[in-house]
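Read through the structure below, which is laid out as structure tokens, and then see the notes.
On a predicted model such as this, the values are computed, not experimentally measured, just so you know. Counting from 1, the numbers follow the sequence of the chain as shown.
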Amino acid sequence: MNSLLLRPLPTATTSGSLVGRVSPAAPRRPGAVAWPRDGRCRRGGVAAAGAWMEEAGTAVLQEAARRNPALSESYRPAGLPRPNGTVLEAQGRVCTGPEQTRPLGEEQAMRVLDTILRSATGELKDEPVSSAQLGAFFAGMTIRANCFPEATQWSEGERRAMSLFWPRLVHVLPPEVKFIADPEGTIMGANGLTGPRYIGQGTAEMRLVGALREVLAGGHLGYEEVQCVLKDVLPVGSMGASSPSVNEALLAAFLIGQRMNRETDRELKGYCLAFDDELGPPPIADVNSLTHYGEPYDGNTRFFRSTLFVAAVRACYGEACLLHGVEWMPPKGGITEGQMLKFMGANTHLSPTQAKTLLEDKDTGFAYLNLQEACPPLHSIIGLREHIKKRPPLATSEKVQQFVRARGRESMVAGFYHVGYEDPLLMLMRRRTVHAGLVVKGEEGALSLTTKERSAHASKGIPVNHCSGFRTPSSANFSETDGISRESFRVAVNAQELGFKSTGTPRTDKSVLKNLELGLSALGGDKGPAYDRIVLNAAMADHLLGCSGAQDINSALDRAREAIDSGNALRRLMNYIKISHKVS
């Protein structure tokens, strides 16, 4: 890959190599925070670690005991009805892209349709099929029948199962589901007459039905049309509410249908910008540099998630960081920054104005915003998203939000996994008119670059540690797009060329406590895989975004290490826990 880094990355053979500077198994420095298996934190002699033990350690362990086991699943909102497992498994196969869809075999199709029939007749009291599931499943079936390539259209088994069950389902399914299953009366034959006549109830639902007809036919919508639909139907009531603002089957069909059709840039911009003014103009933080972090909202389920600790490091030298997300989000339901901060006792329900205050505070310099406060309409459909199974377009657009602006320079960073979403994310960042944008294929599709050497047998496609983006040029050699001067870059980061030893990424397996053990120990000075990842991710963000003082990658790495080894990063994280409860 071609690299347009501000300065070429050094190799192990160049004079600028960092080989030897990273000590993968160095002895713990005095005062480092240690987390033995019994969960008790040992204190050394340095003030930073001692202060952490006295001021925060007890609270962390008490919270761990209260929420035992400290797994990410425990943060799933209480009261959300769970989807039917049989139908949800089928949705995972048929509610995806033209190449990724896996048609159901006859046995599974029969089982799924029988489950839907028994639920519709009231037989499944304990695990009914929700309205949102019905909408998503039949939207997937309809789009596949209408416009998918032959290989991912209905299988013969699906056809036989539908021909057997549909004559019975048509008598028990609600009209909106029959519309989704056959909107133009061309799929189910004589038993598909409801669709062409269906218009919905109320102005908002009628507009949604009109847009959904286009989506179910494999078509696309304009920017304004997407925005109008979203503003009409959101926020929704809680799942199962007696009077939701719009029928959940229709909304679920719309969201999954847009993703199955592969959203256009216009559609993604509609999702991204629809609620920018929901709370009025965003507050403007008096900081010289602000980075907006767009981690996948559904978290990590396997590997160490480093961004919270990276933000504390970068804040030490004036790179303010705004994190945003939710405590829990499907489909992965993994570890999030909101979970970790709540676990440690921080206030995770700040307003954008309060986040602005924390960004400006000389003792913190970073902030976290929960979507519940930052954008209530989007937060309102977390339950519905669990019932549609696959990620909707919002899973892309929510990573590119600007809930707080800055007086100075602004940058954005977002993670991605699937091929096809790198350029759309950069497009959305450019639409935000930030000075620099960076998309990262980190581990689990998140932002964390790894120090693990890429295997010769790694799967083909975009490799982990792939980065691309744009930044304000430092010279006259740049391209102009949309009237804004930018230079683009594309690079695969090789940690070994920067002197890091290849190490496997620490596993957390949905344990919030384990992720905190790793991160806090690293900020306390423990050298090892977690420490190296925090340093690498902080320095590479500084370098690739073109931040002040990071043009030389060696200097950027040294600066990140100093922020940790001095105890400053740990102090800032502990300060955040206290100050987050005091901001007004």
Side-chain angles (χ1 to χ4, degrees), residues 18 21-26 28 32-35 37 70-72 293-314 323 325 332-337 339-340 413-418 438-459 461-467 491-541 544 557 560-561 564 569:
L18 300 182
R21 296 194 186 185
V22 179
S23 47
R28 184 183 300 113
V33 180
W35 289 83
R37 293 184 180 274
L71 298 178
S72 57
Y293 272 90
E295 281 277 24
Y297 277 19
D298 60 350
N300 284 31
T301 59
R302 294 179 294 160
F303 298 122
F304 175 57
R305 190 163 168 115
S306 65
T307 296
L308 174 62
F309 311 103
V310 169
V313 169
R314 297 185 69 222
L323 317 178
K332 288 170 66 173
I335 298 168
T336 64
E337 288 70 35
Q339 291 173 10
M340 288 186 280
V413 186
F416 80 102
Y417 180 81
H418 293 290
L438 170 65
V439 295
V440 176
K441 184 175 180 181
E443 292 177 307
E444 288 196 62
L447 288 175
S448 291
L449 299 169
T450 182
T451 61
K452 183 178 180 180
E453 185 175 13
R454 190 176 189 225
S455 169
H457 305 291
S459 59
I462 300 176
V464 173
N465 279 19
H466 167 87
C467 299
V491 62
V493 176
N494 185 327
Q496 282 64 62
E497 291 181 354
L498 299 173
F500 290 92
K501 179 180 178 181
S502 177
T503 54
T505 303
R507 292 193 69 98
T508 57
D509 298 314
K510 290 191 174 184
S511 172
V512 181
L513 178 58
K514 179 62 177 176
N515 207 96
L516 283 169
E517 289 176 357
L518 291 164
L520 291 172
S521 292
L523 292 192
D526 271 355
K527 304 298 192 294
Y531 177 98
D532 288 350
R533 279 160 176 76
I534 295 170
V535 169
L536 175 65
N537 280 276
M540 288 308 303
L544 293 175
L557 289 162
R561 292 191 186 97
I564 298 175

For [Y], does its backbone N or O pair with a side-chain atom of [X] as donor and acceptor, under 3.5 Å?
X      : Y      : result
Glu443 : Val464 : no
Glu337 : Ser306 : no
Glu444 : Phe303 : yes

Contact summary for [X] and [Y], nearest pair of heavy atoms:
X      : Y      : answer
Pro506 : Leu518 : CB-CD1, 3.6 Å
Ile534 : Val310 : O-CG2, 3.8 Å
Thr336 : Gly299 : CG2-CA, 4.0 Å
Pro463 : Lys441 : O-CD, 3.7 Å
Ala541 : Tyr293 : CB-OH, 4.0 Å
Thr450 : Ala495 : O-CB, 4.0 Å

How many angstroms lie between atom [atom1] of [X] and atom [atom2] of [Y], to the nearest 0.5 angstrom?
X      : Y      : atom1 : atom2 : result
Ser521 : Lys527 : OG    : NZ    : 12.0 Å
Phe309 : Ile564 : CZ    : CD1   : 11.0 Å
Leu449 : Leu498 : CG    : CG    : 10.0 Å
Leu308 : Asn515 : CG    : CG    : 9.0 Å
Thr301 : Ile335 : OG1   : CD1   : 8.5 Å
Leu447 : Glu295 : CG    : CD    : 3.5 Å

Using a 6.0 Å distance limit plus a 45 degree cone around the ring axis, check whether Arg507 lies over the aromatic ring of Phe304. no
Side-chain donor-acceptor pair under 3.5 Å between [X] and [Y], yes or no?
X      : Y      : result
Arg305 : Ser448 : no
Thr505 : Arg302 : no
Ser72  : Gln339 : no

Parallel, tilted or perpendicular: which describes the rings of Phe416 and His466, with under 30° parallel and over 60° perpendicular? perpendicular
With a sphere of 6.0 Å drawn around NZ of Lys510, does it hold more than 12 non-hydrogen atoms of other residues, nucleotides or ligands? yes
Which is it for Asn537 and Thr307 under the side-chain contact (heavy atoms from CB on, under 4.5 Å) test, yes or no, and what are the steps along the way? CA-CA 8 Å; Asn537 280 276; Thr307 296; over 6 Å; no
Note, [X] side chain near [Y] side chain (heavy atom, < 4.5 Å):
X      : Y      : value
Asp509 : Leu71  : no
Tyr531 : Arg561 : yes
Leu544 : Val491 : yes

